[in-house]
Amino acid sequence: MSGLNIVLHQPEIPQNTGNIGRTCAAAGVRLHLIEPLGFQLNEKALKRAGMDYWHEIDVTTYVDYAEFLEKNPGARVYYATTKGRQLYTEVSYEPDCFLMFGKESGGIPEEILKEHPAECIRIPMLGDTRSLNLSNAAAIVLYEALRQNGFADMKLEGELHRLSWEG
């Protein structure tokens with residue numbers, strides 16, 4: 001399992017959280033959820049959202065952002081926001097850092113972003129596009145962090161396929 005972490009601050013849409021959970025499972029990444037959530041994490045709700053693999057994910061929930069900080073002292077957190085000063089590709093991600101994404105309707109609260117301007121990152125977009133889908137944004141940033149850390153402990157399927165074609 002990678003030491004990387006994805007943090008969702010008050011996610012609202014269960015399907016987005018489910019997609020991100022699936023990405024976490026595929027990448028061996030921990031998922032952290034900061035409440036309140038826009039859905040329930042009971043078995044019936046998880047099944048309805050297509051999250052029947054949820055038991056394979058290392059998930060931690062927190063009552064609020066303060067509890068997240070308290071339980072992860074010294075954590076290096078990068079905050080994904082359209083207001084970020086630097087591109088997500090301009091950061092050197094530590095192998096145990098936290099990548100935080102905000103709720104679908106409003107992103108990460110402004111007061112949190114103002115406390116951490118140097119750690120705010122953004123994904124470039126054209127024109128007046130408000131933002132990318134939450135699960136897409138999380139996958140983009142996560143895979144850049146994984147790439148920078150050598151895809152630690154991941155199977156590199158392309159290498160296996162390339163070898164079979166060369167023979």
Count I, L, V, M, F, W, Y as connected when their side-chain heavy atoms are under 4.5 Å apart, and connections chain through other members. Are Val59 and Val29 then in the same cluster?
yes
To the nearest 0.5 Å, how far apart are CD1 in Ile13 and CG in Asn19?
10.5 Å
One should read off an interatomic distance between Leu99 CG and Asn5 CG, to the nearest 0.5 angstrom, of 8.0 Å
If you look only at distance, which donor and acceptor atoms sit under 3.5 Å apart when one is on a side chain in residues 86-96 and the other is two or more places apart or in another chain?
unit_1 : atom_1 : unit_2 : atom_2 : d
Gln86  : NE2    : Ala118 : O      : 2.7
Glu90  : OE1    : Leu87  : N      : 2.9
Tyr93  : OH     : Tyr88  : O      : 2.6
Glu94  : OE1    : Tyr78  : OH     : 2.9
Glu94  : OE2    : Arg76  : NE     : 3.4
Glu94  : OE2    : Tyr78  : OH     : 3.1

Taking the side chain as everything from C-beta on, heavy atoms only, tell me whether Leu8 gets closer than 4.5 Å to Ile20.
yes
Mind checking the CD1-OG1 spacing from Ile6 to Thr23? Nearest 0.5 Å is all I need.
7.0 Å
With side chain to side chain contact (heavy atoms under 4.5 Å, CB included) as the criterion, how do Lys71 and Thr60 come out once you've worked through the C-alpha distance, each side chain's angles and the decisive distance to 0.1 Å?
CA-CA 10 Å; Lys71 298 237 171 122; Thr60 305; over 6 Å; no
Does the side chain to side chain contact (heavy atoms under 4.5 Å, CB included) test come out yes or no for Ile140 and Leu132, once each step is laid out?
CA-CA 10 Å; Ile140 289 168; Leu132 292 172; 3.8 Å; yes
Taking the side chain as everything from C-beta on, heavy atoms only, tell me whether Glu110 gets closer than 4.5 Å to Lys83.
yes
Taking all atoms of both residues into account, what is the closest heavy-atom pair of Asp64 and Glu67, and its distance?
OD1-N, 2.8 Å
Would Leu37 end up clustered with Phe101 when hydrophobic side chains under 4.5 Å apart are linked, directly or stepwise?
yes
Working to the nearest 0.5 angstrom, can you tell me the gap between Ser135 OG and Arg22 CZ?
11.5 Å
Modelled atom types, side-chain donor and acceptor of Tyr62 and His32, under 3.5 Å
yes
Could you tell me whether the side chain of Phe68 reaches within less than 4.5 Å of the side chain of Met100, counting heavy atoms only?
yes
Look up atom CD in Gln10 and atom CD in Glu104, then write down how far apart they are to the nearest 0.5 Å.
11.0 Å
Pairwise side-chain contact, Thr61 with Glu35, heavy-atom cut-off 4.5 Å (strictly under):
yes
Should Val7 and Val77 count as side-chain neighbours, where that means a heavy-atom distance under 4.5 Å?
no
Listed by chain and number, what are the salt bridge (charged side-chain N to carboxylate O under 4.0 Å, His left out) partners of Glu12, not counting sequence neighbours?
none
Tell me whether Leu4 shares a hydrophobic cluster with Tyr79, the cluster being built from Ile, Leu, Val, Met, Phe, Trp, Tyr side chains joined at under 4.5 Å.
no
Flag yes if Tyr65 and Leu113 sit in one hydrophobic cluster, no otherwise; membership is Ile, Leu, Val, Met, Phe, Trp, Tyr, and two members link when side-chain heavy atoms are under 4.5 Å apart.
yes
Hey, could you give me the CD1/CG distance between Ile57 and Leu31, rounded to the nearest 0.5 Å?
6.5 Å
Should the pair Arg147-Glu144 be classified as a salt bridge under the 4.0 Å nitrogen-to-oxygen rule?
yes
Joint hydrophobic cluster, Leu33 plus Ile108, side-chain heavy atoms closer than 4.5 Å
no
What are the two closest non-hydrogen atoms of Ala75 and Phe98, and how far apart are they?
CB-CE1, 3.4 Å
Thr82 meets the side-chain contact (heavy atoms from CB on, under 4.5 Å) criterion, sequence neighbours left out, with Met125, Ser131
